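The structure appears below as structure tokens.
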Amino acid sequence: TEILEQIATGVELRGVLTGIATTLEDLVPGCCCSVLLLDRDRATLRHGAAPSLPAEYLAGIDGLAIGASAGSCGTAAYTGNPVVAADIRADARWERYRALADRFGLRACWSTPIRGRDGICGTFAVYHASPHRPTLREEHLVERLTHLASVAIDHDGLLGALAESEERFRRAFEDNAVGMALATLDGGITRVNRAMRALLGRSEFDLIGSRLDELFARSRENVAQNPHDEYEATAWTADGGLLDLAVAVSPIRSAEGLPRALSVNVLDITGRHAAEQERRRRAEAELARHAAEAANRAKTDFVSALGHE
């Protein structure tokens, strides 16, 4: 229960795994436990926790490549099956690591693969200073503790993935050149990025809590449109300027596919509107000039015709 509480409250992985290893050491006097974590990209085992093993020994096996004859842990991770080396001095799988184990008085090592959500994620090893085979009680204890270790490793992986995902979102949101905001389904703004603050000349404090329909006034032809769409609107800046904006509002959906928030993108089209108005003004002026010239020609032709009469 204490270990599950540690997992639930976010205790760092090494602390949780140390607690798991210590639990077995307390229940099986004379043993030393370790947890190694599988690096899938490099097919190696890295140190996770080992409260009672010598640091020099741990350094010697950190980065151990998994394989068919890679001690108890490397072989267990490779085959996916528990590996019992009842006597390390006589076990062929320990040939490369026998001298290291001998130096620290380790004579037996039993290793069990830890299976996580995506497959094997590490190993749980139990060492003894004399030849030893696990008893049925020890097997049951390790089975339960290995399961707890898998829960802890999976949970840590999910938290890491979430943190990485949030960091990617933060960079994509905050550093985007387009004005962006997040809002509740009823249009209350909950977050704005740097570009949005610069566009409106307002602070995050001023904008959060505002409503989309108050901040961005739709143009008349867009008033009756669905709020989850693209439309043109106007907005006032902090210094009294009026902006023409293109606003795109789309729902952010939950894992079940239900809308849970709104994503808002805002683009300043004031310059484009000004250019369009200037083009229209010039076109109208040109049309008026042609009309005036045509009228003058008609008048001249009429006067000339009268003179000939």
Side-chain angles (χ1 to χ4, degrees), residues 1-8 11-38 45-62 64 66 69-95 97-116 120-156:
T1 303
E2 181 181 349
I3 292 170
L4 288 175
E5 288 178 357
Q6 290 179 338
I7 295 171
V11 173
E12 67 171 351
L13 180 61
R14 181 161 295 183
V16 177
L17 296 179
T18 297
I20 292 172
T22 301
T23 297
L24 188 67
E25 290 178 353
D26 290 342
L27 292 171
V28 182
C31 79
C32 296
C33 300
S34 80
V35 178
L36 297 180
L37 302 175
L38 178 62
L45 292 170
R46 304 307 304 265
H47 174 64
S52 303
L53 287 169
E56 191 176 346
Y57 175 75
L58 297 176
I61 63 171
D62 189 31
L64 166 72
I66 66 174
S69 296
S72 297
C73 293
T75 306
Y78 181 75
T79 63
N81 298 311
V83 172
V84 178
D87 186 352
I88 290 175
R89 291 179 182 174
D91 196 302
R93 292 166 297 195
W94 273 84
E95 183 178 355
Y97 309 100
R98 187 175 294 128
L100 180 65
D102 238 7
R103 192 190 319 163
F104 297 100
L106 302 174
R107 286 292 304 273
C109 180
W110 165 39
S111 184
T112 302
I114 300 171
R115 297 183 184 278
I120 293 172
C121 56
T123 59
F124 187 97
V126 184
Y127 292 85
H128 290 266
S130 59
H132 179 85
R133 283 190 175 276
T135 65
L136 186 61
R137 171 179 174 269
E138 291 169 359
E139 289 178 354
H140 287 158
L141 289 172
V142 167
E143 181 180 358
R144 292 170 60 187
L145 292 172
T146 299
H147 174 68
L148 283 177
S150 74
V151 172
I153 294 168
D154 278 348
H155 184 71
D156 184 73

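Note that the structure is a prediction, hence the values are computed from the model and not measured.
Summarising the geometry of His155 relative to Ile7, their closest heavy-atom pair is NE2-O, 3.2 Å, with the distance given to 0.1 Å. Nearest heavy-atom pair across Gln6 and Val16 is OE1-CA, 3.9 Å. Minimum interatomic distance between Arg137 and Leu27 (heavy atoms only, all atoms of both residues): NH2-O, 3.0 Å. Pairing each heavy atom of Leu53 with each of Cys32, the nearest pair is CD2-CB, 3.8 Å. What you find for Ile120 and Ala77 is that their closest heavy atoms are CD1-O, 3.7 Å. Residues Trp110 and Val84 come closest through the heavy atom pair CD1-CG2, 3.3 Å.
How far CG of Leu17 is from SG of Cys33: 12.0 Å, rounded to the nearest 0.5 Å. Rounding to the nearest 0.5 Å places CG of Leu145 at 6.0 Å from CD1 of Ile3. Here NE2 of His128 is found 10.5 Å from CD1 of Ile88. Values are rounded to the nearest 0.5 Å. Summarising the geometry, atom CD belonging to Glu139 is positioned 11.5 Å from atom OG1 belonging to Thr146; distances are rounded to the nearest 0.5 Å. Here the CD1-OG1 distance, from Ile66 to Thr123, works out to 10.0 Å after rounding to the nearest 0.5 Å. Interatomic distance, CD of Glu138 versus SG of Cys31, reported as 7.5 Å (0.5 Å rounding).
Annotation: side chain of Leu24 is in contact with side chain of Val142 (closest heavy-atom distance under 4.5 Å). Contact check for Leu37 versus Leu13: side-chain heavy atoms found under the 4.5 Å cut-off. The closest side-chain heavy-atom distance from Pro82 to Pro113 is below 4.5 Å. When side chains are defined from C-beta on, Arg93 counts as touching Val83, because their heavy atoms get closer than 4.5 Å.
Ring to ring, Tyr57 and Tyr127 are close: their centroids are under 6.0 angstrom apart.
Within a 6.0 Å radius of CZ in Arg133, other residues, nucleotides and ligands contribute 12 heavy atoms or fewer.
The backbone N or O of Asp91 lies less than 3.5 Å from a partner atom in the side chain of Arg98, making a donor-acceptor pair.
Sorted by first and then second residue, the side-chain hydrogen bond (donor to acceptor under 3.5 Å, both in side chains) pairs with a member in residues 11-33 read Glu25-Ser52; sequence neighbours excluded. The side-chain hydrogen bond (donor to acceptor under 3.5 Å, both in side chains) pairs that include a residue from residues 69-81 are Ser72-Trp94, where partners are two or more places apart or lie in different chains.
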